[in-house]
Amino acid sequence: LSPTDTCVTMHAFARASLRNATPFAAAVASGFAVHHGSEASAPRMEAKKHTKYEHPLVERYATKEMSYLWSPEKKFSTWRALWIALAQAEHEMGLPVTKEQVDAMKANQFNIDYAVAAKYESKFRHDVMGHVHAFGEVAPIAMPVIHLGATSCYVGDNTDLIQMRESLVLIRRKLVQLLSIMRAFALEHKDLPTLGYTHYQPAQLTTVGKRCTLWMQDLLLDLEEVDRQIETMPMRGVKGTTGTQASFLDLFDGDHDKVKALDKRIVELMGFKKSIPVSGQTYTRKLDTTALNCLAGVGSSAYKMAGDVRLLANLKEVEEPFAKNQIGSSAMAYKRNPMRSERVCSLSRYLLTLPQAAANTHANQWFERTLDDSAIRRITLPEAFLATDVILTLLMNIADGMHVWPKVVHSHVMAELPFMATENILMACVKAGGDRQELHEKIRVHSMAAGARVKGEGVPNDLIDRIRADPAFSTVHGSLETIMDPSNFVGRAPQQVEDFMRDEIDPILIKYDSLLSEKSLDNVNV
(Lines give C-alpha, C1' and ligand atoms only; values in the text may rest on other atoms or scores of the structure.)
Protein backbone atom coordinates (compact mmCIF):
# COMPACT_ATOMS: atom_id res chain seq x y z
CA LEU A 1 0.00 0.00 0.00
CA SER A 2 1.06 3.58 -0.59
CA PRO A 3 1.50 5.86 2.44
CA THR A 4 -1.84 7.48 1.59
CA ASP A 5 -3.62 4.13 1.36
CA THR A 6 -2.03 3.03 4.62
CA CYS A 7 -3.24 6.17 6.39
CA VAL A 8 -6.79 5.72 5.04
CA THR A 9 -6.83 2.07 6.11
CA MET A 10 -5.58 2.86 9.62
CA HIS A 11 -8.06 5.72 9.84
CA ALA A 12 -10.93 3.35 9.04
CA PHE A 13 -9.60 0.75 11.47
CA ALA A 14 -9.41 3.31 14.23
CA ARG A 15 -12.98 4.44 13.68
CA ALA A 16 -14.22 0.87 13.56
CA SER A 17 -12.38 0.13 16.80
CA LEU A 18 -14.34 2.79 18.61
CA ARG A 19 -17.57 0.83 18.25
CA ASN A 20 -16.55 -2.17 20.37
CA ALA A 21 -13.51 -0.90 22.27
CA THR A 22 -12.77 -0.62 25.95
CA PRO A 23 -12.65 3.00 27.15
CA PHE A 24 -8.85 3.01 27.05
CA ALA A 25 -8.67 1.47 23.57
CA ALA A 26 -11.35 3.86 22.35
CA ALA A 27 -9.36 6.83 23.63
CA VAL A 28 -6.22 5.66 21.83
CA ALA A 29 -8.10 4.87 18.60
CA SER A 30 -9.90 8.21 18.76
CA GLY A 31 -6.58 9.98 19.13
CA PHE A 32 -5.21 8.24 16.02
CA ALA A 33 -8.31 8.92 13.97
CA VAL A 34 -8.44 12.59 14.85
CA HIS A 35 -4.70 12.98 14.40
CA HIS A 36 -4.95 11.78 10.81
CA GLY A 37 -8.26 13.27 9.80
CA SER A 38 -9.21 16.40 11.71
CA GLU A 39 -8.17 20.00 12.09
CA ALA A 40 -8.28 19.41 15.85
CA SER A 41 -5.44 16.93 15.74
CA ALA A 42 -3.10 18.86 18.04
CA PRO A 43 -5.57 19.05 20.94
CA ARG A 44 -6.44 15.38 20.53
CA MET A 45 -2.82 14.33 20.53
CA GLU A 46 -2.37 16.42 23.66
CA ALA A 47 -5.36 14.61 25.15
CA LYS A 48 -3.60 11.29 24.66
CA LYS A 49 -1.14 12.39 27.33
CA HIS A 50 -4.03 12.33 29.79
CA THR A 51 -5.10 8.71 29.42
CA LYS A 52 -3.28 7.74 32.67
CA TYR A 53 -4.79 8.30 36.11
CA GLU A 54 -3.35 11.31 37.91
CA HIS A 55 -3.58 11.42 41.69
CA PRO A 56 -5.41 14.68 42.54
CA LEU A 57 -3.63 14.95 45.88
CA VAL A 58 -0.37 15.32 43.96
CA GLU A 59 -1.42 16.86 40.66
CA ARG A 60 -4.02 19.28 42.00
CA TYR A 61 -3.25 20.10 45.61
CA ALA A 62 0.18 19.10 46.97
CA THR A 63 2.93 21.66 47.44
CA LYS A 64 6.30 21.36 45.75
CA GLU A 65 8.11 21.05 49.08
CA MET A 66 6.15 18.11 50.44
CA SER A 67 5.96 16.45 47.03
CA TYR A 68 9.74 16.53 46.83
CA LEU A 69 10.13 14.95 50.27
CA TRP A 70 8.16 11.92 49.02
CA SER A 71 9.54 11.91 45.49
CA PRO A 72 11.62 9.11 43.91
CA GLU A 73 14.60 11.49 43.82
CA LYS A 74 14.42 12.07 47.57
CA LYS A 75 13.83 8.39 48.30
CA PHE A 76 16.62 6.94 46.21
CA SER A 77 19.20 9.63 46.93
CA THR A 78 18.51 8.91 50.62
CA TRP A 79 19.08 5.22 49.96
CA ARG A 80 22.47 6.20 48.61
CA ALA A 81 23.15 8.47 51.58
CA LEU A 82 22.48 5.49 53.84
CA TRP A 83 24.80 3.25 51.82
CA ILE A 84 27.46 5.96 52.05
CA ALA A 85 26.99 6.24 55.84
CA LEU A 86 27.22 2.45 56.17
CA ALA A 87 30.39 2.28 54.08
CA GLN A 88 31.97 5.22 55.88
CA ALA A 89 31.23 3.76 59.32
CA GLU A 90 32.52 0.35 58.24
CA HIS A 91 35.69 1.98 56.88
CA GLU A 92 36.23 3.91 60.12
CA MET A 93 35.84 0.72 62.12
CA GLY A 94 38.38 -1.28 60.17
CA LEU A 95 36.28 -3.38 57.81
CA PRO A 96 37.62 -3.90 54.24
CA VAL A 97 36.06 -0.71 52.84
CA THR A 98 38.51 1.86 51.46
CA LYS A 99 38.35 5.64 51.53
CA GLU A 100 38.42 5.61 47.71
CA GLN A 101 35.28 3.48 47.67
CA VAL A 102 33.51 5.79 50.09
CA ASP A 103 34.57 8.86 48.09
CA ALA A 104 33.33 7.30 44.85
CA MET A 105 29.94 6.69 46.44
CA LYS A 106 29.77 10.26 47.79
CA ALA A 107 30.61 11.68 44.36
CA ASN A 108 27.70 9.80 42.79
CA GLN A 109 24.97 10.09 45.42
CA PHE A 110 22.73 12.07 43.07
CA ASN A 111 23.93 10.52 39.83
CA ILE A 112 20.95 8.21 39.57
CA ASP A 113 20.08 6.61 36.23
CA TYR A 114 16.49 5.55 36.79
CA ALA A 115 16.31 3.64 33.52
CA VAL A 116 19.26 1.50 34.55
CA ALA A 117 17.75 0.93 37.99
CA ALA A 118 14.46 -0.09 36.37
CA LYS A 119 16.28 -2.50 34.06
CA TYR A 120 17.98 -4.22 36.98
CA GLU A 121 14.78 -4.26 39.04
CA SER A 122 12.98 -5.96 36.15
CA LYS A 123 15.79 -8.50 35.94
CA PHE A 124 16.04 -9.26 39.67
CA ARG A 125 12.40 -8.53 40.62
CA HIS A 126 13.85 -6.61 43.57
CA ASP A 127 13.91 -2.81 43.86
CA VAL A 128 16.76 -2.54 46.36
CA MET A 129 19.08 -4.80 44.35
CA GLY A 130 18.14 -2.88 41.21
CA HIS A 131 19.44 0.31 42.82
CA VAL A 132 22.49 -1.42 44.30
CA HIS A 133 23.57 -2.37 40.79
CA ALA A 134 22.65 1.05 39.35
CA PHE A 135 24.82 2.67 42.05
CA GLY A 136 27.62 0.22 41.27
CA GLU A 137 27.60 1.16 37.59
CA VAL A 138 28.43 4.81 38.37
CA ALA A 139 30.77 3.94 41.26
CA PRO A 140 32.29 0.64 40.08
CA ILE A 141 35.16 0.75 42.54
CA ALA A 142 32.58 0.65 45.36
CA MET A 143 30.37 -2.08 43.90
CA PRO A 144 31.93 -4.87 46.05
CA VAL A 145 31.05 -3.13 49.32
CA ILE A 146 27.72 -1.39 48.64
CA HIS A 147 25.07 -2.70 51.07
CA LEU A 148 27.67 -4.72 53.00
CA GLY A 149 26.00 -6.59 55.87
CA ALA A 150 22.66 -4.83 55.34
CA THR A 151 19.18 -6.01 54.48
CA SER A 152 16.65 -4.19 52.31
CA CYS A 153 15.01 -2.61 55.35
CA TYR A 154 18.26 -0.85 56.15
CA VAL A 155 17.60 1.53 53.27
CA GLY A 156 13.82 1.15 53.06
CA ASP A 157 12.84 1.62 56.70
CA ASN A 158 15.49 4.18 57.56
CA THR A 159 14.48 6.23 54.54
CA ASP A 160 10.82 6.14 55.58
CA LEU A 161 11.77 7.49 59.00
CA ILE A 162 13.97 10.19 57.48
CA GLN A 163 11.17 11.25 55.13
CA MET A 164 8.64 11.31 57.96
CA ARG A 165 10.86 13.37 60.23
CA GLU A 166 11.74 15.90 57.51
CA SER A 167 8.06 16.12 56.60
CA LEU A 168 7.20 16.80 60.24
CA VAL A 169 9.75 19.62 60.24
CA LEU A 170 7.92 21.20 57.28
CA ILE A 171 4.58 20.71 59.04
CA ARG A 172 5.99 22.34 62.18
CA ARG A 173 7.01 25.39 60.16
CA LYS A 174 3.53 25.75 58.72
CA LEU A 175 1.85 25.29 62.09
CA VAL A 176 4.02 28.03 63.58
CA GLN A 177 3.29 30.37 60.68
CA LEU A 178 -0.43 29.61 60.91
CA LEU A 179 -0.49 30.40 64.62
CA SER A 180 1.28 33.69 63.93
CA ILE A 181 -1.36 34.66 61.36
CA MET A 182 -4.20 33.67 63.68
CA ARG A 183 -2.63 35.58 66.55
CA ALA A 184 -3.01 38.84 64.63
CA PHE A 185 -6.63 38.02 63.76
CA ALA A 186 -7.54 37.11 67.34
CA LEU A 187 -6.02 40.27 68.80
CA GLU A 188 -7.67 42.47 66.18
CA HIS A 189 -11.11 41.10 67.08
CA LYS A 190 -10.63 40.35 70.79
CA ASP A 191 -13.20 42.99 71.82
CA LEU A 192 -15.85 42.32 69.14
CA PRO A 193 -18.85 40.70 70.86
CA THR A 194 -20.49 37.84 69.02
CA LEU A 195 -23.07 35.22 69.80
CA GLY A 196 -21.71 32.11 71.43
CA TYR A 197 -23.37 28.89 70.36
CA THR A 198 -24.00 25.68 72.23
CA HIS A 199 -25.93 22.94 70.41
CA TYR A 200 -25.74 25.47 67.55
CA GLN A 201 -28.30 27.51 69.47
CA PRO A 202 -27.57 31.09 70.61
CA ALA A 203 -25.84 31.16 73.99
CA GLN A 204 -23.94 33.65 76.15
CA LEU A 205 -21.81 36.11 74.24
CA THR A 206 -18.13 35.64 73.50
CA THR A 207 -15.91 37.61 71.12
CA VAL A 208 -14.73 36.89 67.61
CA GLY A 209 -11.13 36.91 68.82
CA LYS A 210 -11.85 34.54 71.72
CA ARG A 211 -13.44 32.04 69.34
CA CYS A 212 -10.27 32.16 67.25
CA THR A 213 -8.24 31.18 70.32
CA LEU A 214 -10.27 27.97 70.54
CA TRP A 215 -9.00 26.99 67.10
CA MET A 216 -5.50 28.07 68.06
CA GLN A 217 -5.54 26.00 71.25
CA ASP A 218 -6.15 22.85 69.21
CA LEU A 219 -3.39 23.69 66.77
CA LEU A 220 -1.01 24.47 69.63
CA LEU A 221 -1.61 20.99 71.03
CA ASP A 222 -0.90 19.60 67.57
CA LEU A 223 2.35 21.55 67.42
CA GLU A 224 3.42 20.10 70.76
CA GLU A 225 2.82 16.57 69.43
CA VAL A 226 4.67 17.34 66.18
CA ASP A 227 7.61 18.59 68.27
CA ARG A 228 7.54 15.39 70.30
CA GLN A 229 7.53 13.25 67.18
CA ILE A 230 10.49 15.14 65.71
CA GLU A 231 12.52 14.94 68.91
CA THR A 232 11.84 11.30 69.73
CA MET A 233 11.57 9.59 66.34
CA PRO A 234 14.39 7.03 66.11
CA MET A 235 16.21 5.54 63.16
CA ARG A 236 15.98 1.81 62.57
CA GLY A 237 19.75 1.76 62.36
CA VAL A 238 21.59 -1.46 61.40
CA LYS A 239 19.66 -4.43 62.72
CA GLY A 240 20.10 -7.19 60.12
CA THR A 241 17.55 -9.53 58.54
CA THR A 242 15.55 -10.39 61.66
CA GLY A 243 16.77 -7.69 64.02
CA THR A 244 19.55 -9.75 65.64
CA GLN A 245 22.46 -7.94 63.89
CA ALA A 246 23.92 -11.39 63.14
CA SER A 247 25.49 -10.33 59.83
CA PHE A 248 27.32 -7.43 61.46
CA LEU A 249 28.42 -9.57 64.39
CA ASP A 250 29.94 -11.92 61.82
CA LEU A 251 31.67 -9.04 60.00
CA PHE A 252 33.24 -7.92 63.28
CA ASP A 253 34.28 -11.47 64.29
CA GLY A 254 31.92 -11.59 67.24
CA ASP A 255 32.79 -8.17 68.67
CA HIS A 256 29.47 -6.95 70.14
CA ASP A 257 30.82 -3.52 71.05
CA LYS A 258 31.80 -2.82 67.47
CA VAL A 259 28.35 -3.78 66.24
CA LYS A 260 26.80 -1.34 68.72
CA ALA A 261 29.34 1.31 67.78
CA LEU A 262 28.51 0.84 64.08
CA ASP A 263 24.83 1.37 64.78
CA LYS A 264 25.56 4.49 66.83
CA ARG A 265 27.91 5.95 64.20
CA ILE A 266 25.38 5.56 61.38
CA VAL A 267 22.74 7.24 63.50
CA GLU A 268 25.13 10.16 64.03
CA LEU A 269 26.03 10.40 60.34
CA MET A 270 22.33 10.56 59.40
CA GLY A 271 21.56 13.30 61.95
CA PHE A 272 19.45 11.30 64.40
CA LYS A 273 19.84 11.07 68.17
CA LYS A 274 19.19 7.36 68.54
CA SER A 275 18.13 4.16 66.85
CA ILE A 276 15.23 2.03 68.00
CA PRO A 277 16.55 -0.29 70.74
CA VAL A 278 15.15 -3.52 69.29
CA SER A 279 13.43 -4.50 66.08
CA GLY A 280 12.49 -7.41 63.91
CA GLN A 281 13.39 -7.06 60.27
CA THR A 282 11.51 -3.75 60.26
CA TYR A 283 11.11 -1.08 62.88
CA THR A 284 7.84 -1.59 64.71
CA ARG A 285 4.97 -0.27 62.63
CA LYS A 286 3.71 1.29 65.84
CA LEU A 287 5.89 4.25 64.86
CA ASP A 288 3.81 4.72 61.71
CA THR A 289 0.63 4.61 63.78
CA THR A 290 1.81 7.26 66.23
CA ALA A 291 3.04 9.51 63.40
CA LEU A 292 -0.24 9.26 61.51
CA ASN A 293 -2.23 9.81 64.70
CA CYS A 294 -0.23 13.02 65.11
CA LEU A 295 -1.19 14.11 61.59
CA ALA A 296 -4.80 13.13 62.14
CA GLY A 297 -4.78 15.45 65.14
CA VAL A 298 -3.95 18.30 62.78
CA GLY A 299 -6.74 17.10 60.52
CA SER A 300 -9.35 17.12 63.28
CA SER A 301 -8.29 20.60 64.42
CA ALA A 302 -8.44 21.85 60.84
CA TYR A 303 -11.85 20.28 60.27
CA LYS A 304 -13.19 21.98 63.42
CA MET A 305 -11.87 25.39 62.39
CA ALA A 306 -12.96 25.15 58.76
CA GLY A 307 -16.36 23.80 59.79
CA ASP A 308 -16.88 26.82 62.03
CA VAL A 309 -15.85 29.17 59.20
CA ARG A 310 -18.37 27.48 56.90
CA LEU A 311 -21.15 27.99 59.44
CA LEU A 312 -20.13 31.62 59.99
CA ALA A 313 -20.10 32.16 56.21
CA ASN A 314 -23.71 30.99 56.10
CA LEU A 315 -24.51 33.57 58.79
CA LYS A 316 -22.64 36.16 56.67
CA GLU A 317 -20.54 37.11 59.70
CA VAL A 318 -17.18 35.85 58.46
CA GLU A 319 -15.96 35.04 54.96
CA GLU A 320 -12.84 33.34 53.69
CA PRO A 321 -10.82 35.02 50.90
CA PHE A 322 -12.58 35.28 47.57
CA ALA A 323 -10.55 36.09 44.46
CA LYS A 324 -11.60 38.89 42.11
CA ASN A 325 -12.45 36.54 39.24
CA GLN A 326 -13.46 33.55 41.35
CA ILE A 327 -16.75 31.88 40.42
CA GLY A 328 -18.80 30.48 43.28
CA SER A 329 -21.30 28.55 41.20
CA SER A 330 -21.63 27.76 37.50
CA ALA A 331 -25.39 28.42 37.77
CA MET A 332 -25.84 30.88 40.64
CA ALA A 333 -23.53 33.76 39.80
CA TYR A 334 -24.08 35.53 43.12
CA LYS A 335 -22.69 32.66 45.24
CA ARG A 336 -19.63 33.08 47.48
CA ASN A 337 -19.07 29.51 48.58
CA PRO A 338 -16.44 28.80 51.26
CA MET A 339 -14.62 26.44 48.90
CA ARG A 340 -11.26 26.58 50.65
CA SER A 341 -12.81 25.65 53.99
CA GLU A 342 -14.80 22.93 52.29
CA ARG A 343 -11.59 21.55 50.79
CA VAL A 344 -9.95 21.57 54.21
CA CYS A 345 -12.84 19.52 55.58
CA SER A 346 -12.75 17.15 52.62
CA LEU A 347 -9.03 16.43 52.86
CA SER A 348 -9.18 16.27 56.67
CA ARG A 349 -11.93 13.68 56.46
CA TYR A 350 -9.63 11.51 54.35
CA LEU A 351 -6.64 12.15 56.60
CA LEU A 352 -8.63 11.01 59.64
CA THR A 353 -9.07 7.56 58.06
CA LEU A 354 -5.36 6.84 57.56
CA PRO A 355 -4.31 6.04 61.17
CA GLN A 356 -6.76 3.14 61.00
CA ALA A 357 -4.82 1.70 58.09
CA ALA A 358 -1.55 2.16 59.97
CA ALA A 359 -2.96 0.49 63.08
CA ASN A 360 -4.23 -2.45 61.04
CA THR A 361 -0.85 -2.82 59.37
CA HIS A 362 0.91 -2.83 62.74
CA ALA A 363 -1.53 -5.35 64.20
CA ASN A 364 -1.13 -7.71 61.23
CA GLN A 365 2.66 -7.97 61.27
CA TRP A 366 3.55 -11.58 62.07
CA PHE A 367 6.62 -12.26 64.21
CA GLU A 368 9.67 -10.45 62.77
CA ARG A 369 7.96 -9.16 59.61
CA THR A 370 5.52 -9.87 56.79
CA LEU A 371 5.54 -8.10 53.44
CA ASP A 372 1.86 -7.22 53.51
CA ASP A 373 2.95 -3.96 55.10
CA SER A 374 4.74 -2.80 51.97
CA ALA A 375 2.12 -1.87 49.38
CA ILE A 376 -0.21 -0.08 51.78
CA ARG A 377 2.61 1.95 53.36
CA ARG A 378 3.70 3.16 49.91
CA ILE A 379 0.26 4.79 49.75
CA THR A 380 -0.72 5.79 53.27
CA LEU A 381 2.54 7.35 54.51
CA PRO A 382 3.05 9.81 51.63
CA GLU A 383 -0.66 10.64 51.36
CA ALA A 384 -0.97 11.41 55.07
CA PHE A 385 1.88 13.93 54.94
CA LEU A 386 0.84 15.37 51.58
CA ALA A 387 -2.72 15.90 52.82
CA THR A 388 -1.61 17.50 56.10
CA ASP A 389 0.65 19.89 54.23
CA VAL A 390 -2.14 20.94 51.86
CA ILE A 391 -4.55 21.42 54.77
CA LEU A 392 -2.14 23.73 56.60
CA THR A 393 -1.38 25.70 53.44
CA LEU A 394 -5.12 26.22 52.96
CA LEU A 395 -5.65 27.27 56.58
CA MET A 396 -2.89 29.86 56.31
CA ASN A 397 -4.54 31.24 53.19
CA ILE A 398 -7.95 31.33 54.87
CA ALA A 399 -6.72 32.90 58.12
CA ASP A 400 -4.63 35.50 56.33
CA GLY A 401 -7.57 36.78 54.30
CA MET A 402 -10.52 36.07 56.58
CA HIS A 403 -12.97 38.97 56.58
CA VAL A 404 -15.30 39.84 59.46
CA TRP A 405 -18.51 41.83 58.92
CA PRO A 406 -18.95 43.63 62.29
CA LYS A 407 -22.39 45.10 61.54
CA VAL A 408 -23.81 41.67 60.68
CA VAL A 409 -22.24 40.25 63.82
CA HIS A 410 -23.78 43.07 65.88
CA SER A 411 -27.23 42.63 64.33
CA HIS A 412 -27.23 38.95 65.31
CA VAL A 413 -26.13 39.84 68.82
CA MET A 414 -28.88 42.41 69.22
CA ALA A 415 -31.50 39.96 67.97
CA GLU A 416 -30.77 37.67 70.93
CA LEU A 417 -29.33 40.01 73.56
CA PRO A 418 -32.69 41.15 74.95
CA PHE A 419 -33.34 37.63 76.26
CA MET A 420 -29.81 37.35 77.67
CA ALA A 421 -30.06 40.79 79.30
CA THR A 422 -33.17 39.99 81.28
CA GLU A 423 -31.22 38.67 84.30
CA ASN A 424 -29.14 41.86 84.41
CA ILE A 425 -32.32 43.94 84.16
CA LEU A 426 -33.91 41.87 86.91
CA MET A 427 -30.94 42.35 89.24
CA ALA A 428 -30.82 46.10 88.60
CA CYS A 429 -34.52 46.44 89.43
CA VAL A 430 -34.17 44.41 92.62
CA LYS A 431 -31.25 46.56 93.70
CA ALA A 432 -33.53 49.59 93.22
CA GLY A 433 -36.14 48.10 95.56
CA GLY A 434 -38.22 45.89 93.25
CA ASP A 435 -39.83 42.54 94.05
CA ARG A 436 -37.71 39.79 92.46
CA GLN A 437 -40.57 37.26 92.04
CA GLU A 438 -43.04 39.78 90.61
CA LEU A 439 -40.46 41.15 88.16
CA HIS A 440 -39.37 37.65 87.16
CA GLU A 441 -42.93 36.75 86.20
CA LYS A 442 -43.37 39.93 84.16
CA ILE A 443 -40.10 39.22 82.30
CA ARG A 444 -41.29 35.68 81.60
CA VAL A 445 -44.57 36.91 80.12
CA HIS A 446 -42.89 39.60 78.02
CA SER A 447 -40.24 37.12 76.81
CA MET A 448 -42.78 34.54 75.69
CA ALA A 449 -44.77 37.18 73.82
CA ALA A 450 -41.70 38.63 72.13
CA GLY A 451 -40.43 35.17 71.20
CA ALA A 452 -43.77 34.22 69.72
CA ARG A 453 -43.72 37.27 67.47
CA VAL A 454 -40.13 36.61 66.34
CA LYS A 455 -40.93 33.03 65.40
CA GLY A 456 -44.54 33.40 64.30
CA GLU A 457 -44.42 36.71 62.47
CA GLY A 458 -40.75 37.02 61.56
CA VAL A 459 -40.45 40.46 63.14
CA PRO A 460 -37.49 41.78 65.17
CA ASN A 461 -37.24 41.04 68.86
CA ASP A 462 -39.23 43.73 70.74
CA LEU A 463 -38.64 42.51 74.30
CA ILE A 464 -36.73 45.63 75.34
CA ASP A 465 -39.48 47.85 73.93
CA ARG A 466 -42.00 45.92 76.04
CA ILE A 467 -39.86 46.38 79.17
CA ARG A 468 -39.36 50.04 78.37
CA ALA A 469 -43.15 50.48 78.17
CA ASP A 470 -43.85 48.60 81.44
CA PRO A 471 -43.95 50.88 84.53
CA ALA A 472 -42.79 47.96 86.70
CA PHE A 473 -39.32 48.46 85.25
CA SER A 474 -39.27 52.25 85.48
CA THR A 475 -36.24 52.23 87.77
CA VAL A 476 -34.03 50.96 84.91
CA HIS A 477 -35.63 52.75 81.96
CA GLY A 478 -32.90 55.36 81.99
CA SER A 479 -30.09 52.82 82.05
CA LEU A 480 -31.35 50.23 79.57
CA GLU A 481 -28.86 51.30 76.90
CA THR A 482 -25.97 50.83 79.31
CA ILE A 483 -27.29 47.49 80.50
CA MET A 484 -27.74 46.38 76.87
CA ASP A 485 -24.15 47.15 75.83
CA PRO A 486 -22.92 43.81 74.40
CA SER A 487 -19.47 44.33 75.93
CA ASN A 488 -21.06 43.81 79.34
CA PHE A 489 -21.87 40.22 78.42
CA VAL A 490 -18.53 38.85 77.16
CA GLY A 491 -17.01 38.16 80.55
CA ARG A 492 -13.21 37.92 80.45
CA ALA A 493 -13.06 37.03 76.76
CA PRO A 494 -10.85 40.01 75.73
CA GLN A 495 -8.51 39.43 78.65
CA GLN A 496 -8.41 35.71 77.95
CA VAL A 497 -7.23 36.45 74.41
CA GLU A 498 -4.43 38.65 75.73
CA ASP A 499 -3.43 36.12 78.39
CA PHE A 500 -3.41 33.26 75.89
CA MET A 501 -1.16 35.15 73.50
CA ARG A 502 1.25 36.25 76.20
CA ASP A 503 1.48 32.95 78.04
CA GLU A 504 1.06 30.34 75.30
CA ILE A 505 1.52 31.67 71.78
CA ASP A 506 4.22 34.31 72.10
CA PRO A 507 6.77 31.93 73.70
CA ILE A 508 6.28 29.55 70.78
CA LEU A 509 6.71 32.33 68.21
CA ILE A 510 9.87 33.49 69.97
CA LYS A 511 11.22 29.95 70.11
CA TYR A 512 10.61 29.43 66.40
CA ASP A 513 11.21 32.99 65.23
CA SER A 514 13.46 31.80 62.39
CA LEU A 515 10.58 29.78 60.89
CA LEU A 516 8.34 32.83 60.51
CA SER A 517 10.43 34.31 57.70
CA GLU A 518 10.75 31.08 55.69
CA LYS A 519 8.82 31.27 52.45
CA SER A 520 6.84 28.47 50.86
CA LEU A 521 7.63 27.54 47.28
CA ASP A 522 3.98 27.73 46.26
CA ASN A 523 0.59 28.78 47.57
CA VAL A 524 -3.08 27.97 47.06
CA ASN A 525 -3.91 28.03 43.36
CA VAL A 526 -7.20 26.14 43.10
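Residues take their numbers from the sequence shown, with the count starting at 1.
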Residues that Arg310 engages under side chain to side chain donor-acceptor pair (under 3.5 Å), provided they are two or more places apart:
none

Looking at residues at least two apart in the chain, or sitting in another chain, which of them share a salt bridge (charged side-chain N to carboxylate O under 4.0 Å, His left out) with Glu518?
Arg173

Candidate pair Ile112 and Trp79, rule side chain to side chain contact (heavy atoms under 4.5 Å, CB included), full reasoning
CA-CA 11 Å; Ile112 303 174; Trp79 281 15; over 6 Å; no

Look only at the side chain of Asn108 and the backbone of Ala104, and say whether a donor-acceptor pair between them is shorter than 3.5 Å.
yes

With Asp218 via side chain to side chain donor-acceptor pair (under 3.5 Å) - residues at least two apart:
none

Sequence neighbours excluded, the answer for side chain to side chain donor-acceptor pair (under 3.5 Å) partners of Glu73 is Tyr114

Here's a test for you: under salt bridge (charged side-chain N to carboxylate O under 4.0 Å, His left out), which of Arg236, Arg285, Arg377 qualifies with Asp160?
Arg377

Taking side chain to side chain donor-acceptor pair (under 3.5 Å) as the definition, give me every residue that meets it alongside Ser341, ordered by chain and number, with sequence neighbours left out.
Glu320

N/O donor-acceptor pairs under 3.5 Å from side chains in residues 272-279, not counting sequence neighbours:
from	atom 1	to	atom 2	distance (Å)
Lys273	NZ	Glu231	OE1	2.7
Ser275	OG	Lys239	NZ	3.4
Ser275	OG	Asp263	OD2	2.5

Counting only heavy atoms not in Lys264, do more than 12 fall under 6.0 Å of its NZ?
no

Residues forming a ring-ring contact (aromatic ring centres under 6.0 Å, His included) with Tyr154, sequence neighbours excluded
none

Kindly check if the number of other-residue, nucleotide or ligand heavy atoms within 6.0 Å of NZ (Lys119) is above 12?
yes

Arg228: what forms a salt bridge (charged side-chain N to carboxylate O under 4.0 Å, His left out) with it, not counting sequence neighbours?
Glu225

Just list the side-chain donor-acceptor pairs under 3.5 Å for residues 245-252, sequence neighbours left out, or say none.
from	atom 1	to	atom 2	distance (Å)
Gln245	NE2	Val238	O	2.8
Ser247	OG	Gly149	O	2.7

Leu168 versus Phe385: any side-chain heavy-atom pair under 4.5 Å?
yes

Taking the side chain as everything from C-beta on, heavy atoms only, tell me whether His147 gets closer than 4.5 Å to Val128.
yes

Testing the 3.5 Å rule here: is there a donor-acceptor pair between the side chains of Tyr283 and Asn158?
no

Within the distance-only criterion (no hydrogens, no angle test), does the side chain of Glu121 pair as donor or acceptor with the backbone N or O of His126 below 3.5 angstrom?
no

For Thr289, does its backbone N or O pair with a side-chain atom of Asn293 as donor and acceptor, under 3.5 Å?
yes

Filter on side chain to side chain donor-acceptor pair (under 3.5 Å), then keep only pairs touching residues 128-140, sequence neighbours left out; what's left?
Tyr120-Glu137

Charged N to carboxylate O under 4.0 angstrom, Arg211 versus Asp308?
no

Mind checking salt bridge (charged side-chain N to carboxylate O under 4.0 Å, His left out) for Glu166 and listing every partner two or more places apart, or none if nothing turns up?
Lys74

Heavy-atom donor-acceptor pair, Ser71 side chain to Tyr68 backbone, under 3.5 Å
yes

Please list, one pair per line, the donor and acceptor atoms closer than 3.5 Å that link side chains of residues 255-262 to other protein atoms, with sequence neighbours excluded.
from	atom 1	to	atom 2	distance (Å)
Asp255	OD1	Asp257	N	3.1
Asp255	OD1	Lys258	N	3.2

Please determine whether the number of non-hydrogen atoms from other residues, nucleotides or ligands lying under 6.0 Å from atom CZ of Phe367 exceeds 12.
no

Is the closest basic N to carboxylate O distance between Lys304 and Asp222 below 4.0 Å?
no

So, does Ser122 use its side chain to make a donor-acceptor pair with the main chain of Ala118 at under 3.5 Å?
no

Check whether the side chains of Gln281 and Thr242 place a donor and an acceptor atom closer than 3.5 Å, and report yes or no.
no

